[in-house]
Amino acid sequence: MREHDCDVLIVGGGPTGITLALLLARRGVRVIVAEKEADIYPLPRAAHLDHEIIRILQECGVADEVMATSRHTARYDFLTADGQILLRFEGTDRIGPGGWPSANMIHQPSVEAALRRELASFANAQLLSACECLSFSEDAEGITARLAAPDGERTIRARYLVGADGARSPVRHAAGIAMDDLGFEEPWLVIDTQVLDYARLPDCNLQICDPARPTTCVLMGEGRHRWEFMILPGEDADQLACDDSIARLLEPWDVAGAVTLERKAVYTFRARIAHQWRKGRVLLAGDAAHQTPPFAGQGMGSGLRDAANIAWKLDAVLRHGAGDALLDTYQSEREPNLRAMIQMAVMMGQTVCITDPAAAAARDVQMLAARAAGHSPDGAVEYPPISSGTILAGSAGAGSYFPQPVTAAARLDDVLGSGHWLITRASLDQPNLAPFRPALEQWLDAHHAPAVLVRPDRYVFGTGQPDELEAAWVKGSEKTGHCSDI
């Protein structure tokens with residue numbers, strides 16, 4: 001049998017695929033990324049990454065570079081046609097549990113470029129551009145993929161294949177995996193602009209719930225701003241996207257001369273989830289596994305969350321003797337979180353996308369009354385913790401997201417590094433943890449815990465006595481490797 005060219009072949013070199021490749025390469029896993037396009041798509045797409053995603057980019061080594069061109073705003077408002085507040089998410093510029101600002105408006109091509117530059121520094125990682133996966137076959141020892149490269153066909157032998165190849169995902173189709181349609185489908189015109197005069201633009205993110213034309217207006221990365229306009233029933237998308245029509249759509253915003261058009265595109269916002277995220281030695285990640293409407297700003301971030309969950313498990317299986325069944329916990333852990341996120345995005349979309357004036361008026365009356373009575377669901381979006389999988393079920397905090405304390409001089413993750421952490425009360429006396437002691441002690445006190453074991457993706461495995469945690473980790477994660485006391 002031919003030797004393996006790599007441990008993991010990733011099909012798709014977008015942000016999910018490259019992030020996964022980086023997380024694997026940093027762990028010593030041999031990885032090849034096959035991307036059908038010759039270069040990064042040069043125009044904006046995703047607009048937002050939250051604090052948890054920037055923390056993942058921190059592990060990848062690019063967070064500071066990404067943050068250097070990110071923009072921030074204090075709130076995200078849903079407004080009636082006449083400007084009344086239906087729903088408000090405040091504090092989006094505050095530091096979140098991940099140790100970074102809660103909402104970060106980004107320029108996706110710049111993020112991807114930073115990730116690719118970092119990946120190029122690893123000898124055990126390779127990016128094959130203009131290289132399309134034609135087919136693959138699986139046997140007991142691995143995957144053999146046939147690729148079309150600029151210099152002709154080639155085959156790659158890998159132990160696992162990850163399809164991070166987008167919403168149309170040839171890998172998903174080839175694996176025979178169906179999608180579950182969650183019943184949301186709306187066409188929108190997306191307008192990206194370059195900014196000449198910030199003073200004439202809104203300084204917060206907006207959803208205008210106007211039945212005459214539901215509209216989104218949001219910040220982007222440095223130097224850019226976005227509008228999205230719902231395409232109404234019976235409208236011709238091509239006509240709506242012509243320059244004269246775009247000028248008319250932007251006219252109420254009074255931004256002529258303040259912005260220049262960079263990109264226009266028609267998208268159909270959908271909500272879908274793949275039935276299987278793993279089939280044998282094939283896994284799906286990002287848009288290949290799920291698609292969400294953009295209203296919660298979690299499309300790109302969901303793919304990076306997938307990468308963080310998959311990376312440490314593939315490393316455990318490939319390099320630390322864990323059983324292959326560990327990979328089955330990927331979908332069981334991620335899907336409930338993902339469904340909650342999509343449900344939130346669909347709720348937001350259904351709030352915005354009402355074009356019947358009477359129905360919109362009824363919505364406004366109901367939501368304005370709820371907000372006046374203090375019953376509006378304002379505030380930060382929270383998603384459920386991991387409820388099953390590689391956690392010590394029943395222990396306090398198991399499956400919850402472990403925060404990253406930050407001091408003026410350091411961040412916890414940079415001090416402790418990647419891998420699993422066993423943080424005990426005794427370890428808080430160590431010099432490297434002393435600056436973080438108040439925050440860590442507060443967390444342990446809140447959970448009445450003598451110690452906590454934190455997984456590599458920064459979710460809590462469990463709390464309890466240190467020796468019992470280590471024993472449970474080895475048993476529950478099927479020998480994923482030694483976890484030493486911090």
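Residue numbers start at 1 and run along the sequence shown.
In terms of heavy-atom proximity, P15 sits nearest to L115 at O-CD1, 4.3 Å. The shortest heavy-atom contact between F436 and P405 is CE2-O, 3.5 Å. The two atoms that bring V460 and I391 nearest to each other are O-CG2, 3.9 Å, heavy atoms only. For the residue pair P44 and D192, the shortest heavy atom distance occurs at O-OD2, 3.6 Å. Between A114 and V62 the shortest heavy-atom distance is O-CG1, 3.5 Å. Taking each heavy atom of A288 and A274 in turn, the nearest pair found is O-CB, 4.4 Å.
No side-chain heavy atom of S169 sits less than 4.5 Å from a side-chain heavy atom of D287. At least one side-chain heavy atom of K313 sits under 4.5 Å from a side-chain heavy atom of E333. A 4.5 Å side-chain heavy-atom check between L338 and R305 finds every atom pair outside the cut-off. Using a 4.5 Å heavy-atom cutoff, the side chains of W312 and T390 are in contact. Counting heavy atoms from C-beta outward, M341 and H290 have side chains that stay 4.5 Å or more apart. Between M347 and Q343 there is no side-chain heavy-atom pair separated by less than 4.5 Å. No side-chain heavy atom of T351 sits under 4.5 Å from any side-chain heavy atom of L87. Residues L249 and L240 have side chains in contact (heavy-atom distance under 4.5 Å, counting atoms from C-beta outward).
Side-chain atoms of E52 never come within 3.5 Å of backbone atoms of G96 as a donor-acceptor pair (strictly under, hydrogens ignored). A side-chain donor-acceptor contact under 3.5 Å links R411 to the backbone of G99. Side chain of R172 to backbone of W277: no donor-acceptor contact under 3.5 angstrom is found. A donor-acceptor contact shorter than 3.5 Å links the side chain of Q404 to the backbone of G98. A donor-acceptor pair is defined here as one N or O able to donate and one able to accept, closer than 3.5 Å; such a pair exists between the side chain of T193 and the backbone of H225. Using a distance-only test at 3.5 Å, with no hydrogens or angles considered, no donor-acceptor pair links the side chain of R226 to the main chain of V190. In this structure, the side chain of T69 does not engage the main chain of E222 through any donor-acceptor pair within 3.5 Å. A distance-only check finds a donor-acceptor pair linking the side chain of S121 to the backbone of E118 [under 3.5 Å]. Side-chain N or O atoms of H107 include none that pairs as donor or acceptor with a backbone N or O of G221 at under 3.5 Å. Although no hydrogens or angles enter the test, the distance criterion places a donor-acceptor pair under 3.5 Å between the side chain of K279 and the main chain of A175.
In this view, D165 satisfies the salt bridge (charged side-chain N to carboxylate O under 4.0 Å, His left out) rule with no residue, not counting sequence neighbours. Qualifying side chain to side chain donor-acceptor pair (under 3.5 Å) partners for H48, counting only residues two or more places apart in sequence or in other chains: none. Applying the side-chain contact (heavy atoms from CB on, under 4.5 Å) rule to L43 yields the partners Y41, E262, R263; only residues at least two apart in sequence or on another chain are considered. Judged as a side chain to side chain donor-acceptor pair (under 3.5 Å), and not counting sequence neighbours, the contacts of Q291 are R272. Judged as a salt bridge (charged side-chain N to carboxylate O under 4.0 Å, His left out), and not counting sequence neighbours, E37 has no contacts. Applying the side-chain contact (heavy atoms from CB on, under 4.5 Å) criterion to S418, with sequence neighbours excluded, gives E59. Legend: residues meeting side chain to side chain donor-acceptor pair (under 3.5 Å) with S302, ordered by chain and number and at least two apart, are absent. Evaluation of the ring-ring contact (aromatic ring centres under 6.0 Å, His included) rule for F136 yields no partner, not counting sequence neighbours. The side chain to side chain donor-acceptor pair (under 3.5 Å) search around D82 returns T80, Q84, not counting sequence neighbours.
Summarising the geometry, atom CG belonging to L392 is positioned 5.0 Å from atom CZ belonging to F461; distances are rounded to the nearest 0.5 Å. Atoms CD1 and CG, on I85 and L79 in that order, are 6.5 Å from each other to the nearest 0.5 Å. If you take CG on L57 and CG on D64, they are separated by 10.5 Å, rounding to the nearest 0.5 Å. Taking CG of L128 as the start and CG of L9 as the end, the distance is 8.5 Å to the nearest 0.5 Å. One distance of note links CZ of F229 with CG of L250; it measures 4.5 Å at 0.5 Å rounding. Rounding to the nearest 0.5 Å places CZ of R55 at 7.5 Å from CD of Q58.
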What do the steps show when you test Y401 against N337 for side-chain contact (heavy atoms from CB on, under 4.5 Å), and what is the final call?
CA-CA 12 Å; Y401 184 71; N337 181 286; over 6 Å; no

Determine whether R458 and W421 satisfy the following criterion, side-chain contact (heavy atoms from CB on, under 4.5 Å), listing intermediate values before the conclusion.
CA-CA 9 Å; R458 304 309 159 227; W421 304 336; 3.4 Å; yes

The test is side-chain contact (heavy atoms from CB on, under 4.5 Å); show your working for Y330 and L283 and say whether it passes.
CA-CA 9 Å; Y330 164 47; L283 297 96; 3.9 Å; yes

I would like to know whether L440 and V452 meet side-chain contact (heavy atoms from CB on, under 4.5 Å); could you show each step before the answer?
CA-CA 10 Å; L440 295 174; V452 58; over 6 Å; no

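Taking the six-membered ring where the residue is Trp, F295 and F269 present perpendicular rings, their angle passing 60° and hence far from 30°.
Each of P403, P101, P97 was scored for a side-chain contact (heavy atoms from CB on, under 4.5 Å) with H51, with one residue passing: P97.
Evaluation of the ring pair (Phe, Tyr, Trp, His ring centres under 6.0 Å) test over residues 346-378, restricted to residues two or more places apart or in two chains, returns none. The stretch residues 237-255 participates, sequence neighbours left out, in these side-chain hydrogen bond (donor to acceptor under 3.5 Å, both in side chains) pairs: D243-K264.
Using a 4.0 Å cut-off between a side-chain N of Lys or Arg and a carboxylate O of Asp or Glu, E90 and R75 do not qualify as a salt bridge. The existence of a salt bridge linking D457 and R334 is excluded, since no basic side-chain nitrogen approaches an acidic carboxylate oxygen closer than 4.0 Å.
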N/O donor to acceptor pairs below 3.5 angstrom from side-chain atoms of residues 202-213, sequence neighbours left out:
{"residue": "N205", "atom": "OD1", "partner": "L219", "partner atom": "N", "Å": "2.9"}
{"residue": "Q207", "atom": "OE1", "partner": "T216", "partner atom": "OG1", "Å": "2.7"}
{"residue": "Q207", "atom": "NE2", "partner": "Y76", "partner atom": "OH", "Å": "2.9"}
{"residue": "Q207", "atom": "NE2", "partner": "T216", "partner atom": "OG1", "Å": "3.3"}
{"residue": "D210", "atom": "OD1", "partner": "A212", "partner atom": "N", "Å": "3.0"}
{"residue": "R213", "atom": "NH1", "partner": "M230", "partner atom": "O", "Å": "2.8"}
{"residue": "R213", "atom": "NH1", "partner": "E235", "partner atom": "OE1", "Å": "2.7"}
{"residue": "R213", "atom": "NH1", "partner": "E235", "partner atom": "OE2", "Å": "3.4"}
{"residue": "R213", "atom": "NH2", "partner": "E235", "partner atom": "OE2", "Å": "2.8"}

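Counting non-hydrogen atoms of other residues, nucleotides and ligands closer than 6.0 Å to CD of Q442 gives a total of 12 or fewer.
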